[in-house]
Amino acid sequence: MKLAPRRIISSVLATLSVFAGGSSLAQTYPTKPISLVVPFAAGGPTDIVARTLAATMTKTLGQTVVVENKAGAGGTLAAGFVAKAAPDGYTFLIHHNGMSTAPALYRKMAFNPMTDFEYVSQAVDVPMTLIARKDFPAKNMQELTAYVKANAKSINLANAGLGAVSHLCGMLFQQAMGADLTTVPFSGTAPALNALLGGQVDLLCDQTTQTTQHIKAGTVKLYGVTTKQRIRALPDAPTLTEGGLKDFEVIVWHGIYGPKGTPAAVIEKFGSAVRTALKDPAFAARMADLGAEIVPESKQTPEGLRTWLQSEINKWGPVIRSAGVYAD
Ligand code: ASP
């Protein structure tokens, strides 16, 4: 029998050792707490999803998943930080549509969403709501439309920075109104909502994960939800399309990413804990109360996230470039 050249044997052994190493790595991982980086201030919609998910994953992983808030630049600061983190399975990022809008908004980017990450899974989809401070003069979309057309520049529209979904929703709202409002950026929509509740800003487009409780308590004014159909969590809330904003739809999706080079066995183990958490009844009930929908299993995979992200980059790029909006 002719022996295969030494190099083929050594490459086969190397591959086997990776798999062997991979499975032994997967058997021991994690051996210490894991950081889940949130690109916005604590208490906001992304943070609420992250902390609920992290607490549920901790039960499966046997190590604490620690949420770290790294706010700034509409979420791109955190994404750049995780892109450069050690690919050892102890630093992950949870981020939303901002991963797909940043390439069109930021001409100088510290990361490339399509090459600097390993993809773990999508998690939940969350509708948005257009709200105002309680004593804002317009009662409904009809009155808001008239008020915006007459008072555009005097209206303060809050957001969480260029690249945030509150910025994207606010940009689409202004395009639909044909009006330029005065935008006021914050480090997340938690501080933005606090400013609105305090009467310092007038309008905010934010996710139901944070606004549902305030809408139900009547502490803010609601104009509509950014979905095609009304949502179970707020059955009496009209859609913005019903209010006259034709086909106005913004759904906030969430992806979980590790730095490029994170071993496949680790991605698989962390991803498996995400999928288990998404099936947890308490997690599902909490998300349902907040208007969030758990994504189908086909999106709870690396490929399900990677292909979705690419399609979103392709979708939002032209929309943002046509608006001529740049963050830098
Ligand atoms: N999702 C962000 C947050 O959690 C807000 C945003 O993107 O507008 O603060």
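Order of listing sets the numbers, starting from 1, for every ligand and every atom in it. As a basis for the values below, the full set of heavy atoms in this structure was taken, side chains included, without hydrogen atoms, waters or symmetry mates. For reference, positions follow the sequence shown, starting with 1.
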Do NZ/NE/NH1/NH2 and the carboxylate oxygens of [X] and [Y] come within less than 4.0 Å?
X: K228; Y: E242; answer: no
X: K70; Y: E68; answer: yes
X: E268; Y: R275; answer: yes

Suppose the criterion is disulfide bond (SG atoms under 2.5 Å apart): which pairs have a residue in residues 142-171, not counting sequence neighbours?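 Counting only pairs at least two positions apart or across chains, the disulfide bond (SG atoms under 2.5 Å apart) contacts touching residues 142-171 are C169-C205.
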With clusters defined by side-chain heavy atoms of hydrophobic residues (ILVMFWY) lying less than 4.5 Å apart, directly or transitively, does L130 cluster with M177?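 Yes.
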Measuring centre to centre across the rings, with the benzene-like ring taken for any Trp, is F136 within less than 6.0 Å of Y147?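 Ring centroids of F136 and Y147 are less than 6.0 Å from each other.
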Below 4.0 Å from any atom of ligand 1, which residues have a heavy atom? Give them in chain and number order, please.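 Heavy-atom contacts below 4.0 Å: F40, G44, P45, T46, H96, A160, A164, V165, S166, G188, T189, Q207.
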